[in-house]
Amino acid sequence: MSETIIGIDLGTTNSLAALVNEDGPEIIGPPEDPCMIPSLLSRNGSRWLVGEEAREHLIASPANSVYSVKRLMGRGFEELEEEIRELPYQVEEAQRKLVKIRIGEESFTPQELSSVILSRIKQKAETHLEKPFEKAVITVPAYFDDAQRQATRDAGKIAGLDVVRIINEPTAAAIAYGLDEKKQGYVAVYDLGGGTFDISILELKGKLFKVVATHGDTRLGGDDIDRVLVNLFQKSLLEQYPDLDLEDPSCRQVLRKTAEEVKIALSSSIETEYTLELPDKGISHKRILTAEELNLLLEPLLKRTFESCSKALSDAGLKKSDIEEVVLVGGSTLVPAVRKGVEAFFGRAPHVAIDPYKVVAIGAAIQGHLLAGGRRDFLLLDVVPLALGIETLGGTFSKVITANTSLPAEESEVFTTHVDQQTSIEINIYQGERELVQDCRSLGQFKLRGIPPMKAGFPLVEVSFKVDSNGLLTVSAFEKRSGTEAQIEVIPSHGLTQMEIDAIMEASFEHAVDDFNRRQLIEFQQSAERVFKGIELNWKVAEEVLSENQRLSIRKQMDVVKQTMTTDDAQILKAELDNLGDLTRPLADSAMGRAVLEELQQQNP
Amino acid sequence: MSEVSSKSFSCEGCGAKLVSCLFCFDCSSLQSISEESDYFSALGISSEFDVDPDLLEEKFQHIASELHPDFYLNSTPQEKRLSERASTLLNQAYDTLKDPFKRADYLMSLKCKNVKWNDRVLPPTFLQEMFTLQEELDEMLENQDQQGLLKMREVLENRFQDLESGLLPSFRMLDSVEEPETVLEKLQMNLNAERYLRRLLDRIKIEETT
C-alpha cells in the first residue's frame, strides 16, 4: 500500500483511530493499549493532560478541565446559551461571535482544544505504527453543517493532520458493516453514546449513500443510564439509613462507580449482586438487581429515543417496515435492554457483530483505505446536507445549491442591485432549508467591489458556489456587464481565518518546544535529587576512598547543581549534572563504591 | 437553431470510441473536457427527451465510479483537477437529466442555441386560470384555510402532472414536423408555465413549514 490514511472518530466522550492493515480494519494499537482516549482535557501549568490522565484532574480541578468540546465546534455564542449554562467550565464570546473556553489566564477556541485530542491520537498512532503519517478521514454527525465541518477540519490542521475527507458517522457505520454491497434500501443507524443520541435514516442506491433524515437528543446517553441506577441506590440506602448524607463526595463517587459496574455486569447476565461500601460510615449495603428490573427502569429513557426514531421516519416519509437494516453505534447500545428495545421498535434484529464503540472509526478507516488506493470496489457519493445560498432583498434566502446535490458540485445564479449607482454588493452566504436568512446558518460574507455605477437592476451579478469533493465551499462573484470580479475574502462566521489557524499552529509549535524543555527539566531535577541522596548515603565510603580535595570539589559541584535546578534551562542542568558525575567517578570506581556506581549509572545515564 | 444529434467522441489516448466523453473505459483515462461535450455525451446516452430512468442511473454510477476524486488522491495535480471538474459535470448532467422539466429546459437550450425565447410568454388560457388560483390562494393564506390549501396543492400538483405528460409527445412531434418553430414555441410556453406553477406551490410549502 502506498500510503497510510487512518480513520478517526472524534467523539463527544471518546475519540479513537483505526486503520486497514493486512488483517482488515482494526483499531490501531494492541488490545491492551488501543488508540482510544476519553475526549477529556485538563490544563496543568502550560501543558495539557489528555484522556485518562485528565480524568483525575477533572474532579480535582474542574475549572481547568474541559470535556464535550464537540458540542461547541463551529457554533456561535448566542446559539449556545443553554449549552453553556450546563458546562462547568467558562465559555466566553470572542471575535466574530466565536466562542472561547477560558482556563485560568488563557482562552482557547474549540478547534484548538479538539486539536489537542487529535494530536494525542496522532502521537499514539505513530508510536504504534512506528512511522509518521499525516492523512486522516475524520467523522462528524450527519447534522453537522458546513461551519461545524470546517471547524473539525481546522482542528485537524492545527494538529498537523491533512484531513482528506470528512464523512458522516452513520455512513461510516454502514460502511463498516459492508452495507454498501447492498444494492438498495433504507438503513437506520441508532447511535446512543455517552451523552448524546442520534438516529439517522440512510438511503442506499447503488453506490450512493444519502442521509435522508436525522433526529436526536443532545442530552441523552449512557450517563443517563448511570443516573437511573444511582437514583435506585440512593432510594435503597435511604430506606435503611434515613439520615445518610447522599451528597457527600465519597458517597457519590461510590454510587457512580457501582452503577457503572452493575450496568456492565447486567450486559452479560440476568442478575447481579452489588455491595455499596461506605466504610467511613460503617455501611456495607448488599443488594441484588435483575436485568428485568433494569429494563423497567430504562423504559422511559428508551421511549425518548424511539420518539426521535418516529420523528426521523416521518421526516423521511417512511414507515418502520421500510427499514431493511438497523445498525447500532455507541457504547450504550451494549446494554441488552437497549438492543431488545431497538429490535422491538423496528421489528428486526440490529447488526451487532462490530463493537459499537469502534464501528464508526472502522468505517472511517475503510474509507481511508479506499482513498489511499487500497481498494476501489465501492464509492461513497457524498451530498450537500443543507441548501447553500445567499441573502437577497428583504432577508430572504435564495438557494444556489439545493440539499442532497452530489459532490463535487457547482452552481451559479444571477442577481442584481436594488439601488441606483450601487458600486459594491455585499454577499452574505447562508446554509439551511428555511425561507428567511434569520432561520438559516450564516457561513460568511464578502464584498464585490468596483462595479461601475449603473441603474438599479441593470448589473448582472453571477454568484457561483463550488463545493469540492471534500465538501469545501468556495464562493465567487462576477459582474457580467463590466467584467468585475469579486475580491473575495470569505470571513467565516463561526470559523477561523487562515491567519488565525497559522497563529495557533505557530504558538502550539513554540509550546511544544517549551513543553519538551519543561519535561526534561523535571526529569533532570528528579535525577539530581537521586544523585544527591546517593552521595549522602555513601559519604562514609567517600571519606575513606577520596582525598579531601576531591570531596571538596564534589560538595562545590553539588551546590552548583542545586543552583541550576532553580533556573529553567534543562540543558545547563544536564551539563552540571554530568560534571558532578565526573567528580564522583573515582568514588564509584572504588570497590566499596560499586554499589554507588550502580545506583548512579542507573539514575544518571 | 441547430439540429442536435448524438455526438461521437474518441479517446485522446488510444483512439477508441468513447461511451462517455469524460472517460475512456478502454485505456482507463480521464479525457479533457471539450467545448463539444454536453450532459448527454457525459452520461453516454442519446440526446433525446425520452430517457429511461434506470439506464440513466446505471450509466451515472458506472461512470462516477471511474471519475470520482476519491480514486485520484495520489494522482498528479492535473489529474486531480480533471477528476474534480469531470465529476462536477457528471453530477450536473445527472441532476439535470433525471428531472423531466430540467431535462426539457436543457434540451431546448441545446436545440435553440441562437434563439432567445421569451421566458414570460404563457399558454393562452393559463394566465387567466392562474390569476383566479392566485386570488384564491391569497385568500386562503390570509384566512389560514388549511383545508383549502391542501386542496389547492392537489390542484396545482395535477396541473404539474398535465404539463409533464405533455412534454414527451411535444418532443416526439418536434422530430417529425417540417416546421419545428411552432412546436418549440409551445414547449417553451409550457416550461414557463411550469416555473409559474412551481412558484405558487412553493408559497404553499412555505406556509406548511412555518
Side-chain angles (χ1 to χ4, degrees), chain A residues 1-5 135 137 162 164-165 167 180 183-184 204-208 315 367-384 396-397 399 401-412 432-436 438-439 464-472 474, chain B residues 22-23 25 28 33 39 42-43 53-77 79-99 102 106 119 141 198-199 201-210:
Chain A
M1 211 171 84
S2 52
E3 217 180 348
T4 304
I5 302 182
K135 294 187 175 178
V137 172
D162 175 8
V164 291
R165 278 287 180 288
I167 65 171
D180 46 283
K183 263 281 162 237
Q184 48 194 357
L204 261 163
K205 206 156 123 198
K207 288 166 173 169
L208 189 128
D315 285 353
Q367 176 66 12
H369 183 52
L370 175 125
L371 292 170
R375 63 191 282 185
R376 47 183 308 150
D377 56 340
F378 81 97
L379 173 64
L380 185 63
L381 285 177
D382 210 355
V383 297
V384 176
T396 49
F397 177 49
K399 294 173 185 174
I401 293 186
T402 54
N404 284 330
T405 303
S406 295
L407 300 185
E410 192 178 343
E411 290 296 337
S412 57
E433 288 302 313
R434 303 282 294 275
E435 300 302 322
L436 296 174
Q438 63 184 47
D439 301 317
S464 303
F465 277 62
K466 207 165 157 181
V467 189
D468 73 8
S469 52
N470 199 10
L472 272 178
T474 44
Chain B
L22 302 173
F23 189 80
F25 283 88
S28 293
I33 297 164
Y39 291 166
L43 279 157
D54 291 338
L55 179 75
L56 187 70
E57 181 75 38
E58 188 190 307
K59 289 271 190 185
F60 169 66
Q61 286 184 16
H62 185 52
I63 302 164
S65 47
E66 293 296 341
L67 294 182
H68 200 275
D70 278 6
F71 302 123
Y72 293 88
L73 209 68
N74 300 317
S75 307
T76 64
E79 274 184 310
K80 274 190 203 178
R81 255 197 312 275
L82 200 50
S83 143
E84 283 278 350
R85 284 190 57 208
S87 294
T88 306
L89 184 66
L90 186 76
N91 286 337
Q92 287 169 335
Y94 174 68
D95 281 340
T96 305
L97 298 189
K98 76 179 173 192
D99 178 285
K102 285 188 193 166
Y106 182 69
D119 56 8
L141 286 173
R198 203 180 287 274
R199 276 198 293 274
L201 249 176
D202 282 346
R203 282 185 64 196
I204 299 181
K205 283 184 190 159
I206 293 168
E207 179 64 24
E208 283 171 356
T209 54
T210 49

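Order of the sequence lines sets the chain letters (A, B, ...), proteins ahead of strands, with each chain counted from 1. Below, all heavy atoms of this structure are taken into account, side chains as well, without hydrogens, waters or symmetry copies.
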Checklist outcome for this item: In this structure, CZ of B/Arg85 is separated from CG of A/Asp468 (nearest 0.5 Å) by 14.5 Å
Next on the checklist: Return the CD1 to CG distance between A/Ile167 and A/Asn470, rounded to the nearest 0.5 Å.
Outcome noted: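 The distance works out to 11.0 Å.
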Item to check | Qualifying residues under ring-ring contact (aromatic ring centres under 6.0 Å, His included), relative to B/Phe71, sequence neighbours excluded | outcome: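 By the ring-ring contact (aromatic ring centres under 6.0 Å, His included) rule, B/Phe71 matches no residue at all.
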Checklist entry - Which of residues 86-96 of chain B have a heavy atom under 4.5 Å from any heavy atom of chain A? => result B/Ser87, B/Thr88, B/Asn91, B/Gln92, B/Tyr94, B/Asp95
Item to check | Region of B/Glu58 in contact with chain A, defined by heavy-atom distances below 4.5 Å | outcome: neither
Next on the checklist: Quick one, A/His369 and A/Ile5 - any side-chain contact, counting heavy atoms below 4.5 Å?
Outcome noted: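 SC-SC contact between A/His369 and A/Ile5 ruled out.
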Item to check | Side-chain touch A/Arg165/B/Asp70, heavy atoms, less than 4.5 angstrom | outcome: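 With C-beta onward as the side chain, the pair touches.
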Checklist entry - Considering residues at least two apart in sequence or located in another chain, which fulfil the side chain to side chain contact (heavy atoms under 4.5 Å, CB included) criterion with B/Thr76? => result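 Result, side chain to side chain contact (heavy atoms under 4.5 Å, CB included) vs B/Thr76: B/Gln78, B/Glu79.
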Checklist entry - Of all residues at least two apart in sequence or in a different chain, which pass the salt bridge (Lys or Arg N to Asp or Glu O under 4.0 Å) check with A/Lys466? => result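 If we apply the salt bridge (Lys or Arg N to Asp or Glu O under 4.0 Å) test to A/Lys466, skipping adjacent residues, there are no hits.
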Next on the checklist: Using heavy-atom distances under 4.5 Å, tell me whether A/Val164 contacts chain B through its side chain, its backbone, both, or neither.
Outcome noted: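 For A/Val164, the contact with chain B is made by the side chain alone.
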